[in-house]
Enquirer: 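Handing you a structure now.
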Amino acid sequence: FCQCPIDFSPAKTRRSLASEDVPPPIAMVRLILIAGFSLLCACSTAQPLAETPAGPGAGAAPPSSLRGSAGVQRALLVAINTYNPPGERAVRRISDLYGPLNDLRLMREVLVEERGFDPAHVDTLTEGDAKRDGIERAVTTWIESAQPGDHLTFFFAGHGSYVDTLWTGPDGEVEERIETIVPADAASGVSDIADKTLRMWWNRALDRVQDGGAGGTLTIIQDNCHSGTGSRGTVRERKADQASSILLPDPADVGPRPNERGALFLSASKDYQPAVETDLPGDFFGGEGGTHGAFTASFVRALRATPQGAPARALFDQTMAHVEKLGLAQRGVLEGPGALPPFGEAPGPEGGLAITVADVDRDGVVLRGGMFAGLGVGATLVALADSSVALTVVSADATRSRATLSREADVEVGDRFRITTFIPPPGTPLRLWIPEGADPILANARPGFEAEANAAPAAFRSALAGRLATLA
């Protein structure tokens with residue numbers, strides 16, 4: 001987990017406290033399998049999808065009562081710029097950062113002004129108060145203040161790292177690397193906070209808000225290196241020495257993976273990647289300019305352009321479109337119920353399969369979806385914000401497509417378009433069998449496709465059901 005800085009005037013990057021790694025082969029296998037599984041949705045002929053009314057316009061701020069349950073929204077925001085306070089002896093090399101405090105202010109502003117949080121229920125922890133013991137006390141108080149049905153949000157901006165060590169979990173899982181977040185006193189030799197400790201905390205939070213079957217939720221947002229499992233530059237990196245040791249909880253106390261219990265994780269980078277902080281103009285995200293985590297600034301931009309109730313996967317896709325437009329290689333991670341909104345909001349009107357705009361140029365619109373999403377040549381889409389604005393796909397590869405507009409209109413990176421005519425890729429659909437007890441990433445994909453099938457016209461449901469039947 002860490003942040004690295006980037007400056008697009010000259011150049012900064014938030015980077016890892018340890019050396020960057022090559023992603024494990026299994027990650028590539030998962031990517032290939034998931035892409036193949038998407039192909040199962042291909043119908044043998046083009047089918048129009050069901051009409052779904054467009055949601056309210058961008059920038060609308062519905063009342064805070066728009067929630068999945070009646071609980072209170074409670075947030076704890078943690079940010080650390082200073083890892084080397086004057087006068088303190090450092091035993092570990094950790095660079096100071098420039099953007100996390102700006103990230104915290106930006107996140108607090110958008111949660112209160114646009115997502116309905118009561119300022120009294122948004123707690124912040126910064127700089128010297130965010131030492132290891134201080135973070136642990138704050139998290140404990142935040143959890144204990146919650147009631148069944150409440151909606152908890154945790155945000156961290158700062159350095160992240162990892163430790164190579166063998167760990168065996170309660171279900172027999174074996175890991176050789178522990179990702180960490182780095183507290184403000186880490187340079188003095190204090191242990192980082194391990195992802196297994198975070199997992200234990202998040203399970204306690206879920207126990208609290210889901211007690212008695214209550215519909216409470218937990219949203220975790222991390223803008224730090226290696227955050228993909230739980231480095232910021234002019235370009236500047238959030239980079240420091242790897243911790244020599246780590247305090248790990250007893251495996252029996254850690255509990256299950258929180259995302260399997262409904263927790264939503266939005267992470268700035270994969271577990272082998274740095275995360276970047278960069279100098280951005282204020283008009284990028286609708287606030288004051290300055291140094292920010294690229295992920296946080298992009299996420300806030302997506303939140304401000306999207307009404308409450310949008311699914312997390314839509315917000316995440318918009319966020320990554322903005323990150324990619326900045327020319328950054330970091331790839332965020334979404335884990336948990338992506339079909340549901342974050343922050344405990346009630347689901348909004350976005351329906352059907354929607355695709356995010358990746359780029360706009362003089363030749364048309366580039367979409368973050370291609371043949372795997374059913375965007376073959378001739379597929380059509382309409383804007384969620386204005387159904388009179390339509391696109392027609394003119395070329396496509398596996399994961400990207402190019403489309404032309406039906407009329408002149410202002411289209412921006414991050415805009416969302418719903419597919420109205422689905423064109424499958426040519427050739428025989430790939431068939432994939434997912435065995436009992438399969439990787440949860442794959443197992444969780446099937447309900448999403450089943451939900452799409454239930455929302456689609458009868459002919460499309462029938463074709464999709466035939467492909468899902470091959471998974472039985």
Enquirer: With sequence neighbours excluded, give me every side-chain hydrogen bond (donor to acceptor under 3.5 Å, both in side chains) pair touching residues 356-367.
Expert: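 Listed by first then second residue: D317-T356, K325-D359, T356-R416, D361-R402.
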Enquirer: Sequence neighbours left out, what passes salt bridge (Lys or Arg N to Asp or Glu O under 4.0 Å) with R89? Give chain and number order.
Expert: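 Result, salt bridge (Lys or Arg N to Asp or Glu O under 4.0 Å) vs R89: none returned.
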Enquirer: Taking all non-hydrogen atoms of both residues, which atom of A302 and which atom of Q318 are closest, and how far apart?
Expert: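 Scanning both residues completely, I find the closest heavy atoms to be CB-CB, 3.8 Å.
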Enquirer: To the nearest 0.5 Å, what is the distance between CG (L328) and CE (M320)?
Expert: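 Result: 8.5 Å between the selected atoms.
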Enquirer: I need the full list of salt bridge (Lys or Arg N to Asp or Glu O under 4.0 Å) pairs touching residues 120-132, with sequence neighbours left out, sorted by first then second residue.
Expert: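 Qualifying pairs: none.
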Enquirer: With no hydrogens and no angle check, do the side chains of R407 and S388 hold a donor and an acceptor under 3.5 Å apart?
Expert: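 Yes, side-chain donor-acceptor contact under 3.5 Å.
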Enquirer: Check whether any side-chain heavy atom of F299 sits under 4.5 Å from a side-chain heavy atom of V110, and report yes or no.
Expert: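 No, too far: nothing below the 4.5 Å cut-off.
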Enquirer: Taking D192 for the side chain and A186 for the main chain, is one N or O donor matched with an acceptor at less than 3.5 Å?
Expert: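 It does not hold such a pair.
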Enquirer: From I80 CD1 over to D103 CG, what is the distance, rounded to the nearest 0.5 angstrom?
Expert: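 The distance works out to 12.5 Å.
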Enquirer: Could you report the tightest heavy-atom contact between A297 and L280, atom names first, then the distance?
Expert: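 Shortest heavy-atom contact: CB-CD1, 3.6 Å.
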Enquirer: Check whether any side-chain heavy atom of L367 lies under 4.5 Å from a side-chain heavy atom of L391, and answer yes or no.
Expert: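 Counting from C-beta outward, L367 and L391 do come under 4.5 Å.
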Enquirer: Which residues satisfy the salt bridge (Lys or Arg N to Asp or Glu O under 4.0 Å) test with D133, sequence neighbours excluded?
Expert: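 Scan of D133 (salt bridge (Lys or Arg N to Asp or Glu O under 4.0 Å), adjacent residues dropped) gives none.
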Enquirer: Do L77 and V122 make a side-chain contact, defined as non-hydrogen atoms from C-beta onward lying under 4.5 Å apart?
Expert: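 A side-chain contact exists here, since the closest heavy-atom pair is under 4.5 Å.
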Enquirer: How would you list all residue pairs meeting ring pair (Phe, Tyr, Trp, His ring centres under 6.0 Å) that involve residues 74-93, not counting sequence neighbours?
Expert: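 Output for this query lists Y83-H159.
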Enquirer: What pairs with R208 under side chain to side chain donor-acceptor pair (under 3.5 Å), at least two apart in sequence or on another chain?
Expert: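 Residues passing side chain to side chain donor-acceptor pair (under 3.5 Å) with R208: none at all.
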Enquirer: Evaluate the side-chain proximity of E109 to R304: yes if any heavy-atom separation is below 4.5 Å, no if none is.
Expert: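 Yes, side chains in contact.
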Enquirer: Looking only at side chains, do T420 and T380 share a donor and an acceptor under 3.5 Å apart?
Expert: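 T420 vs T380: donor-acceptor pair found between side chains.
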Enquirer: Give a yes or no on whether the backbone of P342 and the side-chain of T219 come within a donor-acceptor separation of less than 3.5 Å.
Expert: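 Answer holds: no.
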Enquirer: First locate atom CD of E114, then atom CG of L303, and finally report the distance between them rounded to the nearest 0.5 Å.
Expert: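 The CG atom of L303 is 8.0 Å from CD of E114, to the nearest 0.5 Å.
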Enquirer: Distance from E412 atom CD to H322 atom NE2, nearest 0.5 Å?
Expert: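 These two atoms lie 8.0 Å from each other.
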Enquirer: F154 vs W142 aromatic rings, parallel, tilted or perpendicular, using cut-offs 30° and 60°?
Expert: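 Correct class here is tilted.
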Enquirer: Does V377 have any side-chain contact (heavy atoms from CB on, under 4.5 Å) partners at least two apart in sequence or in another chain, and if so, which?
Expert: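 With sequence neighbours excluded, V377 shows a side-chain contact (heavy atoms from CB on, under 4.5 Å) to no residue whatsoever.
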Enquirer: Could you check whether any side-chain N or O of Q330 sits under 3.5 Å from a backbone N or O of A268, counting only pairs where one atom can act as donor and the other as acceptor?
Expert: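 Yes, the answer is positive, given that a donor and an acceptor are paired below the 3.5 Å cut-off.
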Enquirer: Return the set of residues passing side chain to side chain donor-acceptor pair (under 3.5 Å) with D397 (not counting sequence neighbours), or none when no residue passes.
Expert: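 Scan of D397 (side chain to side chain donor-acceptor pair (under 3.5 Å), adjacent residues dropped) gives none.
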Enquirer: Walk me through whether L198 and I220 qualify under side chain to side chain contact (heavy atoms under 4.5 Å, CB included).
Expert: CA-CA 10 Å; L198 295 174; I220 307 296; over 6 Å; no
Enquirer: Please list, chain by chain and in numerical order, all residues satisfying side chain to side chain donor-acceptor pair (under 3.5 Å) with S298, sequence neighbours excluded.
Expert: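 Checked S298 against side chain to side chain donor-acceptor pair (under 3.5 Å); zero matches.
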Enquirer: Can you give me the closest heavy-atom contact between P337 and A263, atom names plus distance?
Expert: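 Closest approach of P337 to A263: CD-O, 3.4 Å.
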Enquirer: Going by the rule side chain to side chain donor-acceptor pair (under 3.5 Å), which residues pair with D185 if we only count those two or more places apart in sequence or in a different chain?
Expert: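 For D185 there are no side chain to side chain donor-acceptor pair (under 3.5 Å) partners, ignoring immediate neighbours.
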Enquirer: Would you say W201 and I135 make side-chain contact, with heavy atoms under 4.5 Å?
Expert: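 Of all side-chain heavy-atom pairs linking I135 with W201, at least one is under 4.5 Å.
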Enquirer: Mind checking side-chain contact (heavy atoms from CB on, under 4.5 Å) for P256 and listing every partner two or more places apart, or none if nothing turns up?
Expert: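 Expected list: N203, R261.
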Enquirer: Do you know the tightest heavy-atom contact between R368 and A321?
Expert: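 Shortest heavy-atom separation between R368 and A321 comes out as CD-CB, 3.5 Å.
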Enquirer: Quick check: do D279 and T291 have side-chain heavy atoms less than 4.5 Å from each other?
Expert: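 Answer yes - side chains close enough.
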Enquirer: Is there a side chain to side chain contact (heavy atoms under 4.5 Å, CB included) between R257 and E335 once you walk through the steps?
Expert: CA-CA 10 Å; R257 294 178 178 86; E335 294 181 293; over 6 Å; no
Enquirer: Could you go through the side chain to side chain contact (heavy atoms under 4.5 Å, CB included) check for F155 and L111 one step at a time?
Expert: CA-CA 11 Å; F155 171 78; L111 290 180; over 6 Å; no
Enquirer: Where is the tightest heavy-atom contact between P341 and P347, given as atom of each residue plus distance?
Expert: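 Heavy atoms of P341 and P347 come nearest at CG-CA, 3.7 Å.
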Enquirer: Look only at the side chain of D150 and the backbone of G216, and say whether a donor-acceptor pair between them is shorter than 3.5 Å.
Expert: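 No; judged by distance alone, with no hydrogens or angles, the pair does not exist.
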Enquirer: How long is the gap from CD1 on I181 to CD1 on I193, to the nearest 0.5 Å?
Expert: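 These two atoms lie 4.0 Å from each other.
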Enquirer: Between D195 and I178, is there a side-chain heavy-atom distance shorter than 4.5 Å?
Expert: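 They are in contact (side-chain heavy atoms under 4.5 Å apart), so the answer is yes.
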Enquirer: Taking atom OG1 of T165 and atom CG of L248, what is their separation to the nearest 0.5 Å?
Expert: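 The distance works out to 6.5 Å.
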Enquirer: Between the side chain of R331 and the main-chain N/O of A329, is any donor-acceptor distance below 3.5 Å?
Expert: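 A pair under 3.5 Å: yes.
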Enquirer: How would you list, by chain and number, every residue that makes a side-chain contact (heavy atoms from CB on, under 4.5 Å) with P119, sequence neighbours excluded?
Expert: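 With neighbours one apart ignored, the set is R108, V112.
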Enquirer: Test your reading of the model: is there a side-chain donor-acceptor pair from D415 to the backbone of V357, 3.5 Å cut-off?
Expert: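 Between the backbone of V357 and the side chain of D415 there is no qualifying donor-acceptor contact (under 3.5 Å).
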Enquirer: Go through the steps for L334 and L264 under the test side chain to side chain contact (heavy atoms under 4.5 Å, CB included), then give the verdict.
Expert: CA-CA 7 Å; L334 181 151; L264 174 66; 4.2 Å; yes
Enquirer: What are the two closest heavy atoms between N84 and A187, and how far apart are they?
Expert: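 Looking at all heavy atoms of both residues, the shortest contact is OD1-CB, 4.1 Å.
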Enquirer: I want to check something: taking the side chain as every heavy atom from C-beta on, are V333 and F265 in contact at a cut-off of under 4.5 Å?
Expert: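 They are not in side-chain contact.
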